[in-house]
Amino acid sequence: MLLTDLLHQRPEVTAPRILGARLSFGGVTVRLTELEAYAADDPGSHAFRGKTNRNRVMFGPPGHLYVYFTYGMHHCANLVCHPEGEPGGILLRAGEVVDGIELARERRGSARDVDLARGPARLASALGIDLGMNGTDAFELDLAPVGEWSQIEVATGPRVGLRLAPDQPWRFWVAGDPTVSQYRPAKKLRANG
DNA sequence: TCCGTGATTACCT
DNA sequence: GGTAATCACGGAT
């Protein structure tokens, strides 16, 4: 399926389909291993209460990055993804650095390689993403080859750290991958494509 | 387990 | 207008 078509689906549909995709930005490429979906009718979504200056990118065209700043020190990045007329996005929670690893190490200090992009704020940091990149589409996203994707075992479970809507199982990750963040209460979604 | 750190929001006046 | 609680986290302890 074409990437542009995928980005016009609901985020919880698209998120498991872009696991294993390669995202390149700021001189670093990561293979995405963990994602969370934030849909329009979703109390956990930043966009749930309507458009504000912070979340306006989620209401714009799919395929841009929605970047926000949280806990006074961290940036997190979402891939905007939604059907026409609805806000939505996919939080990039973790990845494996597959290119530009030296640059990622510089940005991340003394972290072990497996921790370079393990966690949403770590991933954003490894890619050099901050608020200045909010709304950008200056990145590349290459879907995993079909054969490679069919080898991935997708697991699903509740999202992390939400007060609202904690029960929607809209967190998706590559089962067994060491670059997935620590919190993993899980059930298996499927094996192979 | 604890806590830094600041934008954003919810709820007042 | 003001103010307090919250927050899609990470690193040190």
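Labels below follow one simple rule: chain letters A, B, ... track the order of the sequence lines, proteins then strands, and each chain is numbered from 1. The shown structure was predicted, so the numbers you read here are calculated from the model rather than taken from an experiment. Hydrogens, waters and symmetry mates are skipped; everything else that's a heavy atom, side chains included, is used.
Here side-chain hydrogen bond (donor to acceptor under 3.5 Å, both in side chains) pairs that include residues 56-69 of chain A, with residues two or more places apart or in two chains, are A:His46-A:Tyr66, A:Asn53-A:Arg56.
Interface residues of residues 25-56 of chain A facing DNA chain B, ordered by number: A:Arg49, A:Thr52, A:Arg54; criterion, heavy-atom separation under 4.0 Å. Of the residues in residues 83-99 of chain A, not one places a heavy atom less than 4.0 Å from an atom of DNA chain B.
In this structure A:Arg159 satisfies the side chain to side chain donor-acceptor pair (under 3.5 Å) test together with A:Asp42, sequence neighbours excluded. In terms of the ring pair (Phe, Tyr, Trp, His ring centres under 6.0 Å) criterion, residue partners of A:His75 (sequence neighbours excluded) are, by chain and number, A:Phe69. Partners of A:Arg112 according to the side-chain contact (heavy atoms from CB on, under 4.5 Å) rule, which considers only residues two or more places apart in sequence or in another chain, are A:Val114, A:Asp115, A:Arg118. When the side-chain contact (heavy atoms from CB on, under 4.5 Å) test is applied to A:Leu164, the partners found at least two apart in sequence or on another chain are A:Pro43, A:Arg49. With sequence neighbours left out, the side-chain contact (heavy atoms from CB on, under 4.5 Å) criterion links A:Asp41 to A:Arg10, A:Ala39.
A 4.5 Å side-chain heavy-atom check between A:Asp113 and A:Val97 finds every atom pair outside the cut-off. The shortest distance between side-chain heavy atoms of A:Val174 and A:Leu19 falls below 4.5 Å. Side-chain contact between A:Ile18 and A:Leu6: present, with at least one pair of heavy atoms (C-beta onward) separated by less than 4.5 Å. Taking 4.5 Å as the limit, every side-chain heavy atom of A:Arg122 sits out of range of all side-chain heavy atoms of A:Leu116. A 4.5 Å side-chain heavy-atom check between A:Ser110 and A:Arg105 finds every atom pair outside the cut-off. In this structure, the side chains of A:Cys76 and A:Leu91 come closer than 4.5 Å at one or more pairs of heavy atoms. Within the 4.5 Å cutoff, the side chain of A:Asp137 has no heavy atoms near those of the A:Leu65 side chain.
On the nucleic acid side, DNA chain C has its first and last nucleotide under 4.0 Å of a heavy atom of chain A at C:dT6 to C:dG11, going 5' to 3'. Note that the first and last nucleotides of DNA chain B, 5' to 3', having any atom under 4.0 angstrom from a heavy atom of chain A are B:dG4 to B:dA10.
Helical stems of DNA chain C (runs of at least 3 Watson-Crick or G-U pairs, donor-acceptor distances under 3.5 Å) are listed by first residue: B:1-4 with C:9-12, B:6-12 with C:1-7.
Residues A:Leu131 and A:His74 each lie close to DNA chain B; by heavy-atom proximity, the contact nearer the 5' end of the strand is made by A:His74. Mapping A:Arg108 and A:Arg163 onto DNA chain C by nearest heavy atom places A:Arg163 closer to the 5' end of the strand. Along DNA chain C, the nucleotide nearest to A:Gly161 and the one nearest to A:Ala111 differ in position, and the one closer to the 5' end is contacted by A:Gly161.
Side-chain atoms of A:Ser150 come within 3.5 Å of backbone N or O of A:Gly147 as a donor-acceptor pair.
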What pairs of donor and acceptor atoms, side-chain ones from residues 22-34 of chain A against any protein atom, are under 3.5 angstrom apart with sequence neighbours left out?
{"from": "A:Arg22", "atom 1": "NH1", "to": "A:Glu148", "atom 2": "OE2", "distance (Å)": "3.3"}
{"from": "A:Arg22", "atom 1": "NH2", "to": "A:Glu148", "atom 2": "OE2", "distance (Å)": "3.3"}
{"from": "A:Ser24", "atom 1": "OG", "to": "A:Thr29", "atom 2": "OG1", "distance (Å)": "2.8"}
{"from": "A:Arg31", "atom 1": "NH1", "to": "A:Glu96", "atom 2": "OE1", "distance (Å)": "2.7"}
{"from": "A:Arg31", "atom 1": "NH1", "to": "A:Asp177", "atom 2": "OD2", "distance (Å)": "3.2"}
{"from": "A:Arg31", "atom 1": "NH2", "to": "A:Asp177", "atom 2": "OD2", "distance (Å)": "3.2"}
{"from": "A:Thr33", "atom 1": "OG1", "to": "A:Ala94", "atom 2": "O", "distance (Å)": "3.4"}
{"from": "A:Thr33", "atom 1": "OG1", "to": "A:Thr179", "atom 2": "OG1", "distance (Å)": "3.0"}
{"from": "A:Glu34", "atom 1": "OE1", "to": "A:Ser181", "atom 2": "N", "distance (Å)": "2.8"}
{"from": "A:Glu34", "atom 1": "OE1", "to": "A:Ser181", "atom 2": "OG", "distance (Å)": "2.9"}
{"from": "A:Glu34", "atom 1": "OE2", "to": "A:Arg93", "atom 2": "NE", "distance (Å)": "2.8"}
{"from": "A:Glu34", "atom 1": "OE2", "to": "A:Arg171", "atom 2": "NE", "distance (Å)": "2.7"}
{"from": "A:Glu34", "atom 1": "OE2", "to": "A:Arg171", "atom 2": "NH2", "distance (Å)": "2.7"}
{"from": "A:Glu34", "atom 1": "OE2", "to": "A:Ser181", "atom 2": "OG", "distance (Å)": "2.9"}

